[in-house]
Amino acid sequence: MKNTVPSILLEGLNPAQREAVLVKDGPLLVLAGPGSGKTRVVTHRIAALLHQDVYPSQIAALTFTNKAADEMKKRLETLVPQQHVWLGTFHKFCAYLLRRYASFVHLQDNFSIYDTDESLALLKNIIAQNTAASRPLPSGVTPQGIAAKISGAKNDLVLPEDYTAARNSTAGPCVKEFYPLYQDALRLANAVDFDDLLLHVAVLLKDNPEIRRTLDNRFRYILVDEYQDTNSVQYFIARALSLDYRNLAVTGDPDQSIYAWRGADINNILNFEKDFPDTKIIRLEENYRSAEPILAAADSLITNNVHRKEKKLFTNKKGGVPVRLVRCGDQLDEAEMIADEIAGETANGIRKASDYAVFYRMNALSRNLESALRSRKLPFRLVRGLEFFNRKEVKDVLAYLRLASNPPDTVSLIRIINEPVRGIGKTTVQKMTGWASELGEAVLDIAYNINNFSGIAAKTRNAVTKFAVMMSKLAAAAKKDYPVETLIEMVLTETGYRKQYIDSESEEDRERLDNIDELLTAAREFDTNTREAEISAATALQEFLEQTALASDTDALDKDTECISLMTLHAAKGLEFPVVYIIALEEGILPHDRSTHDTMQLEEERRLFFVGMTRAEEELRISRAERRNFRGSFGSSAISSRFLFELPKDGKNLVQYDAGELSKSEDYGDGIRLVRDEEYFEDE
């Protein structure tokens, strides 16, 4: 290897980007504003390290989404082809480590990964087994609430035995009771939830100094993207792997920290140089995405936050359309206005449907938009819409694969033991899970030995036995050198799963068949890739199941699809569109009413608005309503969001329109009215 960075890697980089790319050793903090070329800096820096006597196996680049990881992989491949750096999400990295050290945390390496619904199903089962009519859950305490508290504890690195209920907490005693039972059930099922992927690795590193040193030596250069979104466990893992080789490079932006509700701690990035006093800090402030007025408005907003690191966004692309703020009569006027504008601009060929995105604070706000767009036959998609790997038929087939790969997997068994229908009812399943719990065995073991248990009708016992024999056959196949596509075909044949939909005239069932075929296509593509990578079949099945488990909402978002994108502001992170609408800028919505009396939460709401604004490339259109029917209130007056008063009032970067019947306004054409600068928010 040559210990020099070729000049071609530095071409086209601005001075700050170039400086970040050339840092080799020591802690590095890159404060990257939105649209500042962060991904380019990370990939070019990895390429630069490879040209400076750093082996690919010594680098681990951790992202927060599969989409970001895939983008980095593509870019890196063009810079340094066939250099196999470890690059993927934090959760995938931890799954990778956990497969190799599973026994140290009392797991087998073929463990299942439960998604949120599956984890909740397991917890509900535990609660049902340990509560009775005489001792129900306290009023107001739900399984979902307990699950959220357990997740929070895991994100804070709190183990079941260390959990302490907060004073005056109604749910606390329930969490203290069910958290250890839930963890025991996961281990019995040889399964982990999403939080466990991180927690188990943190415990592994904490309790096994030799393993920590081995991994620190292996991954001498750790790069963490979106560091502002790390929680306590991720922070611990990154620090633990950077004690001996202190080459931890993090990129992020405190102004885009919007996930505190799921455990992210903004202090991790705010205090980075306190953890590493010799940190090199580089600011990426030049924005390549948004027009000048959008940046000016966003910058004006975010400077109202106290908990941040100072930076000034700028762009060399001068001019642009001012940010537009529209005041509508109600939510119907708002939706109609947006639909009319998009319909007119797309019909005239000014723009195409995929140029537009509409953001909102919560999913419930999309209903009127959907109706308005649908009535004009405008194509749109809900990014929150049911993702492919979360569709029932897909999850059913994957559950068969998981149970075949990991027979103790209780949740998968319960899901498919009577799917398709075999005459095995809920009462039988409850009895089997109860026996399994009493004996400390897997439910599938109970199924194998069902004749040793009484209280089940002969017909049902026969159905359970047939199911067990079928699963034994599939489990044997899962251990053989079969491609994943072949295994799925075996599942469909042996279980009769596909057959139940073939003769149906239902449009929904035909769609299910299409989805099953699409799953086979996904498996075929995966098999091709694994053959090229020379991965064994047994490992490939685990990889496939892991890949489907860790898929996220926006992974499959195809911007080339000709439709308007509707999504929450949280889902918009990492995306960009030529024209962005942000609706319902009203108190109680944005900012959310839960945040208005908490300074830290209010700042996060402001950051959320900032993130939405900076997704816009060319035009940003913001709206609020005079009245909004929402949360059961009808025709109630809406109050302008306080954030609107923090936008620039210079008449250059922002203009205000009124879609209603304000007096003192001038016609602006097409039913839109322009309010004079001196009347700015005159109604407040």
Peer 1: Would you please test L519 and I488 for side chain to side chain contact (heavy atoms under 4.5 Å, CB included) and show each step?
Peer 2: CA-CA 9 Å; L519 179 61; I488 293 177; 4.0 Å; yes

Peer 1: What distance separates L382 CG from I564 CD1, expressed to the nearest 0.5 Å?
Peer 2: 11.0 Å

Peer 1: What distance do L403 atom CG and L444 atom CG have between them, rounded to the nearest 0.5 Å?
Peer 2: 5.5 Å

Peer 1: If you look at every heavy atom in E177 and N130, which pair is closest and at what distance?
Peer 2: OE2-O, 4.1 Å

Peer 1: Tell me, do W86 and L62 make a side-chain contact under 4.5 Å, heavy atoms counted?
Peer 2: yes

Peer 1: Within the structure provided, determine whether Y482 and L541 are in side-chain contact (heavy-atom separation under 4.5 Å).
Peer 2: no

Peer 1: Sequence neighbours excluded, which residues qualify as side chain to side chain donor-acceptor pair (under 3.5 Å) partners of Y179?
Peer 2: none

Peer 1: Counting only N and O atoms by type, is there a donor-acceptor contact under 3.5 Å from the side chain of T460 to the main-chain atoms of I456?
Peer 2: no

Peer 1: Quick one: does any side-chain atom of Y360 pair with a main-chain N or O of S366 as donor and acceptor, under 3.5 Å?
Peer 2: no

Peer 1: So do V394 and I516 actually touch side chain to side chain, heavy atoms under 4.5 Å?
Peer 2: no

Peer 1: Using a 3.5 Å distance criterion without hydrogens, assess whether the side chain of D527 forms a donor-acceptor pair with backbone atoms of V484.
Peer 2: yes

Peer 1: Would you give the length of the straight line joining atom CE of M470 to atom CE of M490, rounded to the nearest 0.5 angstrom?
Peer 2: 11.0 Å

Peer 1: Check whether any side-chain heavy atom of V421 sits under 4.5 Å from a side-chain heavy atom of Q500, and report yes or no.
Peer 2: no

Peer 1: Just grab all the side chain to side chain donor-acceptor pair (under 3.5 Å) pairs involving residues 95-106, residues at least two apart or on different chains.
Peer 2: Y96-R218, R99-E546

Peer 1: If you take all heavy atoms of G455 and K431, which pair is closest and at what distance?
Peer 2: O-NZ, 2.6 Å

Peer 1: Nearest 0.5 Å please: distance from the OG1 atom of T433 over to the CD1 atom of I446.
Peer 2: 9.5 Å

Peer 1: If you take all heavy atoms of A399 and S412, which pair is closest and at what distance?
Peer 2: O-CB, 3.6 Å

Peer 1: Nearest 0.5 angstrom please: E370 CD to F380 CZ, how far?
Peer 2: 5.0 Å

Peer 1: Considering all heavy atoms of both residues, which atom of L137 and which atom of P143 are nearest to each other, and what is their separation?
Peer 2: CD1-CD, 4.1 Å

Peer 1: Side chains of Y259 and N231: is there a donor and an acceptor less than 3.5 Å apart?
Peer 2: no

Peer 1: Counting C-beta onward and ignoring hydrogens, is there a side-chain heavy-atom pair between E226 and F90 closer than 4.5 Å?
Peer 2: no

Peer 1: Filter on side chain to side chain donor-acceptor pair (under 3.5 Å), then keep only pairs touching residues 465-477, sequence neighbours left out; what's left?
Peer 2: K473-E494

Peer 1: Is there a donor-acceptor pair under 3.5 Å between the side chain of N418 and the backbone N or O of R422?
Peer 2: yes

Peer 1: Could you work out, with ring-ring contact (aromatic ring centres under 6.0 Å, His included) as the rule, every residue matching Y448, not counting sequence neighbours?
Peer 2: none

Peer 1: Please determine, by modelled atom types, if D396 and Y497 share a side-chain donor-acceptor pair under 3.5 angstrom.
Peer 2: yes

Peer 1: Mind listing the closest non-hydrogen atom pair of A335 and N368 along with its distance?
Peer 2: CB-O, 3.5 Å

Peer 1: Take F64 and H91 through the side chain to side chain contact (heavy atoms under 4.5 Å, CB included) test and state the conclusion after the steps.
Peer 2: CA-CA 8 Å; F64 271 79; H91 284 82; over 6 Å; no

Peer 1: Tell me, do L492 and E489 make a side-chain contact under 4.5 Å, heavy atoms counted?
Peer 2: yes

Peer 1: Restricting to ring-ring contact (aromatic ring centres under 6.0 Å, His included), what partner residues turn up for F467, sequence neighbours left out?
Peer 2: none

Peer 1: Of all residues at least two apart in sequence or in a different chain, which pass the side chain to side chain donor-acceptor pair (under 3.5 Å) check with R524?
Peer 2: E485

Peer 1: Enter the distance from L608:CG to W261:CH2 here, rounded to the nearest 0.5 Å.
Peer 2: 10.0 Å

Peer 1: Hey, is the main chain of H592 close enough, under 3.5 Å, to the side chain of E605 for a donor-acceptor pair?
Peer 2: yes

Peer 1: Mark yes or no for whether D196, through its side chain, and L199, through its backbone, hold a donor-acceptor pair below 3.5 Å.
Peer 2: no

Peer 1: Please check this pair: side chain of N66 against backbone of L550, looking for a donor-acceptor N/O pair closer than 3.5 Å.
Peer 2: yes

Peer 1: Is there any ring-ring contact (aromatic ring centres under 6.0 Å, His included) pair reaching into residues 395-431, and which pairs are they, with sequence neighbours excluded?
Peer 2: none

Peer 1: Any side-chain donor paired with an acceptor under 3.5 Å for Q129 and K124?
Peer 2: no

Peer 1: Are side-chain heavy atoms of I237 and C94 found at a separation under 4.5 Å?
Peer 2: yes

Peer 1: Run the numbers on T410 and L188 for side chain to side chain contact (heavy atoms under 4.5 Å, CB included), then give the verdict.
Peer 2: CA-CA 8 Å; T410 302; L188 185 61; 5.7 Å; no

Peer 1: Let me see the working for L513 and R498 under side chain to side chain contact (heavy atoms under 4.5 Å, CB included), right down to the final yes or no.
Peer 2: CA-CA 7 Å; L513 280 172; R498 180 195 271 140; 3.6 Å; yes

Peer 1: Using a 4.5 Å cut-off on heavy atoms from C-beta on, say whether the side chain of N155 contacts that of S232.
Peer 2: no

Peer 1: Would you give me the side-chain donor-acceptor pairs under 3.5 Å for residues 112-123, sequence neighbours excluded?
Peer 2:
| unit_1 | atom_1 | unit_2 | atom_2 | d |
| --- | --- | --- | --- | --- |
| S112 | OG | N406 | ND2 | 2.9 |
| S112 | OG | D409 | OD2 | 2.8 |
| Y114 | OH | D409 | OD1 | 2.4 |
| Y114 | OH | V411 | N | 3.3 |
| D115 | OD1 | D117 | N | 3.1 |
| D115 | OD1 | E118 | N | 2.8 |
| D115 | OD2 | K395 | NZ | 2.6 |
| E118 | OE1 | D115 | N | 2.8 |
| E118 | OE1 | R402 | NH1 | 3.1 |
| E118 | OE1 | R402 | NH2 | 3.3 |
| E118 | OE2 | R402 | NH2 | 3.2 |
| S119 | OG | D115 | O | 2.9 |

Peer 1: Could you note down all residue pairs passing side chain to side chain donor-acceptor pair (under 3.5 Å) where residues 138-152 supplies at least one of them, sequence neighbours left out?
Peer 2: S151-D195

Peer 1: Any donor and acceptor pair, going by atom type alone, linking the side chain of K154 with main-chain N or O of L159 inside 3.5 Å?
Peer 2: no

Peer 1: Between T568 and R361, does any side-chain donor sit less than 3.5 Å from a side-chain acceptor?
Peer 2: no

Peer 1: Which pairs count as side chain to side chain donor-acceptor pair (under 3.5 Å) when at least one residue sits in residues 508-519, sequence neighbours excluded?
Peer 2: E393-R512, E393-N515, S504-D509, E505-R510, E508-R512

Peer 1: Begin with the C-alpha distance, continue with both residues' side-chain angles, and end with the deciding distance and a verdict on salt bridge (Lys or Arg N to Asp or Glu O under 4.0 Å) for R262 and D229.
Peer 2: CA-CA 9 Å; R262 68 183 189 196; D229 294 332; 5.7 Å; no

Peer 1: How close do T89 and T65 get, heavy atom to heavy atom, and via which atoms?
Peer 2: CG2-C, 3.4 Å

Peer 1: Taking side chain to side chain donor-acceptor pair (under 3.5 Å) as the test, write out the residues that go with D445, two or more places apart.
Peer 2: none

Peer 1: Which residue pairs pass the ring-ring contact (aromatic ring centres under 6.0 Å, His included) test with at least one member in residues 404-431, sequence neighbours excluded?
Peer 2: none

